[in-house]
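Below is one structure, written out as structure tokens; the observations come after it.
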Amino acid sequence: MTQNLTELESVPPRGRQRPRVTSLAIGGTLVAVLVLAALLAPLLAPFDPNAQLMTARLLPPSSAHWLGTDGFGRDLLSRVIYGARPTLLLVALILVLTIPVGMLIGICAGYLGGWTERVLMRITDIFLSLPNLVIALALVAMLGPGLMNGALALALTSWPPFARQARAETLALRRSDYLAAARMQGINGLRLMFGHILPLCMPGAVVRAALSLGGIILSAAGLGFLGMGVQPPTAEWGSMVAEGSKVIFDQWWVAAAPGGAILFASLAFNLTGDGLRDRLDTRHAN
């Protein structure tokens with residue numbers, strides 16, 4: 001009897017299960033840290049990110065400058081914090097441009113079918129076959145470097161995955177009982193497409209957007225690295241890596257600081273996208 005009581009006491013209550021740490025929780029926390037750092041940059045940055053002090057150039061990390069200084073004596077920690085602003089703004093602009101265009105084309109192709117679907121999908125395939133960064137570089141070379149031009153260039157080749165996914169989901173919904181019931185109530189055309197099909201396609205678009213943010217950040221950093229993004233002296237991670245690459249063998253921290261920030265942002269959005277996929281799509285749940 002004593003042994004049985006001991007075993008019962010050792011069994012943890014069912015209601016007291018440990019909270020599960022998911023990739024969505026980790027990624028959401030990292031994204032929140034990134035967004036807060038961008039919003040509170042004037043409060044968090046210890047120095048002016050554009051203040052130059054040639055007597056303090058290329059200093060290693062220390063108690064005064066936690067991440068060191070660059071070739072112009074600017075504090076790298078301050079520049080990394082401020083560099084989150086143009087990166088997040090560029091990502092937001094790209095999503096605002098790509099998601100509506102991709103969803104519109106995909107839903108129209110899947111719902112209307114016929115020649116409309118063939119033409120829209122062939123256009124989508126053409127854009128999908130274009131290399132993102134190469135086309136972005138060509139467009140920025142024609143339009144000129146800058147934040148808005150960089151966003152337009154990257155958005156031009158970022159919408160096809162949203163269109164293909166929206167088309168596939170629309171085709172699966174087109175013959176569903178849900179839409180058949182809506183048609184019986186006299187709902188057709190644009191009202192059916194954007195009032196009933198669009199809300200059902202949005203979860204997949206959100207997951208797709210979250211998973212693509214890591215690649216978008218890398219592409220934006222690539223534009224900055226090649227001098228086609230945000231122009232100096234504005235702090236931008238890609239251009240900071242380009243500056244640090246000139247002295248990477250002697251003063252490694254100049255390139256490592258913005259490179260670590262790019263890694264942090266990409267990891268945060270990838271974890272968030274993976275967690276959203278597990279949460280919204282039960283087929284991928286563990």
Side-chain angles (χ1 to χ4, degrees), residues 31 34-35 38 49 79-80 82-109 119-167 205-245 255 258-259 261-270 272-273:
V31 171
L34 184 64
V35 173
R79 291 185 62 78
V80 166
Y82 271 90
R85 289 185 161 188
T87 300
L88 293 179
L89 182 58
L90 183 67
V91 167
L93 288 174
I94 292 173
L95 291 182
V96 168
L97 294 172
T98 56
I99 293 180
V101 173
M103 296 289 289
L104 176 63
I105 292 176
I107 292 176
C108 290
V119 172
L120 292 178
M121 284 301 99
R122 296 299 77 77
I123 295 175
T124 302
D125 292 338
I126 291 173
F127 278 93
L128 196 61
S129 64
L130 299 176
N132 292 4
L133 191 56
V134 175
I135 298 301
L137 288 173
L139 288 175
V140 171
M142 292 187 296
L143 300 175
L147 180 66
M148 183 59 68
N149 292 340
L152 291 173
L154 291 175
L156 183 65
T157 55
S158 299
W159 62 265
F162 294 96
R164 292 182 67 89
Q165 179 170 329
R167 170 184 171 269
V206 171
V207 174
R208 168 70 67 176
L211 289 173
S212 63
L213 286 178
I216 291 175
I217 289 175
L218 293 177
S219 298
L223 287 179
F225 183 85
L226 297 173
M228 299 292 187
V230 180
Q231 295 300 294
T234 304
E236 197 273 330
W237 294 338
S239 60
M240 292 172 63
V241 173
E243 295 174 5
S245 64
I262 295 172
L263 173 63
F264 179 88
S266 299
L267 178 63
F269 285 114
N270 285 335
T272 303

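Values reported hereafter were calculated over all heavy atoms of this structure, with side chains retained and with hydrogens, waters and symmetry mates removed. Numbers here are sequence positions counted from 1.
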Q) In a check of side-chain contact (heavy atoms from CB on, under 4.5 Å) between Ile216 and each of Val91, Thr98, Thr87, which one passes? A)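 So, applying the side-chain contact (heavy atoms from CB on, under 4.5 Å) to Ile216 and each of Val91, Thr98, Thr87, only Val91 qualifies.
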Please report the closest heavy-atom contact between [X] and [Y], naming both atoms and the distance.
X      : Y      : value
Met121 : Ala109 : CE-CB, 3.9 Å
Val101 : Leu97  : CG2-O, 3.2 Å
Ala261 : Trp237 : CB-CE2, 3.5 Å
Cys108 : Leu120 : CB-CD1, 4.2 Å
Ala242 : Ser245 : O-OG, 2.6 Å
Leu95  : Ala209 : CD2-CB, 4.0 Å

Suppose we screen for side chain to side chain contact (heavy atoms under 4.5 Å, CB included). Which residues come up paired with [X], at least two apart in sequence or across chains?
X      : value
Ala268 : Leu30, Val31
Ala210 : Leu276
Ser219 : Leu154
Val96  : none

Q. Does anything in residues 208-233 pair up under ring pair (Phe, Tyr, Trp, His ring centres under 6.0 Å), and if so which pairs, sequence neighbours excluded?
A. none
To the nearest 0.5 Å, how far apart are [atom1] in [X] and [atom2] in [Y]?
X      : Y      : atom1 : atom2 : result
Leu88  : Leu93  : CG    : CG    : 11.0 Å
Ile217 : Leu213 : CD1   : CG    : 6.0 Å
Thr272 : Leu34  : OG1   : CG    : 10.0 Å
Leu218 : Leu223 : CG    : CG    : 11.5 Å
Ile135 : Thr157 : CD1   : OG1   : 7.5 Å

Q) salt bridge (charged side-chain N to carboxylate O under 4.0 Å, His left out) with Arg85: which residues, sequence neighbours excluded? A) none
With sequence neighbours left out, which residue pairs that include part of [range] fulfil the salt bridge (Lys or Arg N to Asp or Glu O under 4.0 Å) condition?
range            : result
residues 128-145 : none
residues 122-151 : Arg122-Asp125, Asp125-Arg164
residues 219-239 : none

Q) Hey, does the side chain of Ser266 reach the backbone of Leu263 with a donor-acceptor pair shorter than 3.5 angstrom? A)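 Not confirmed, Ser266 side chain does not pair with Leu263 backbone.
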Tell me which donor-acceptor pairs under 3.5 Å the side chains of residues 136-145 have, and how far apart each pair is, sequence neighbours excluded?
none

Q | Residues in ring-ring contact (aromatic ring centres under 6.0 Å, His included) contact with Trp159, at least two apart in sequence or another chain | A | Phe127
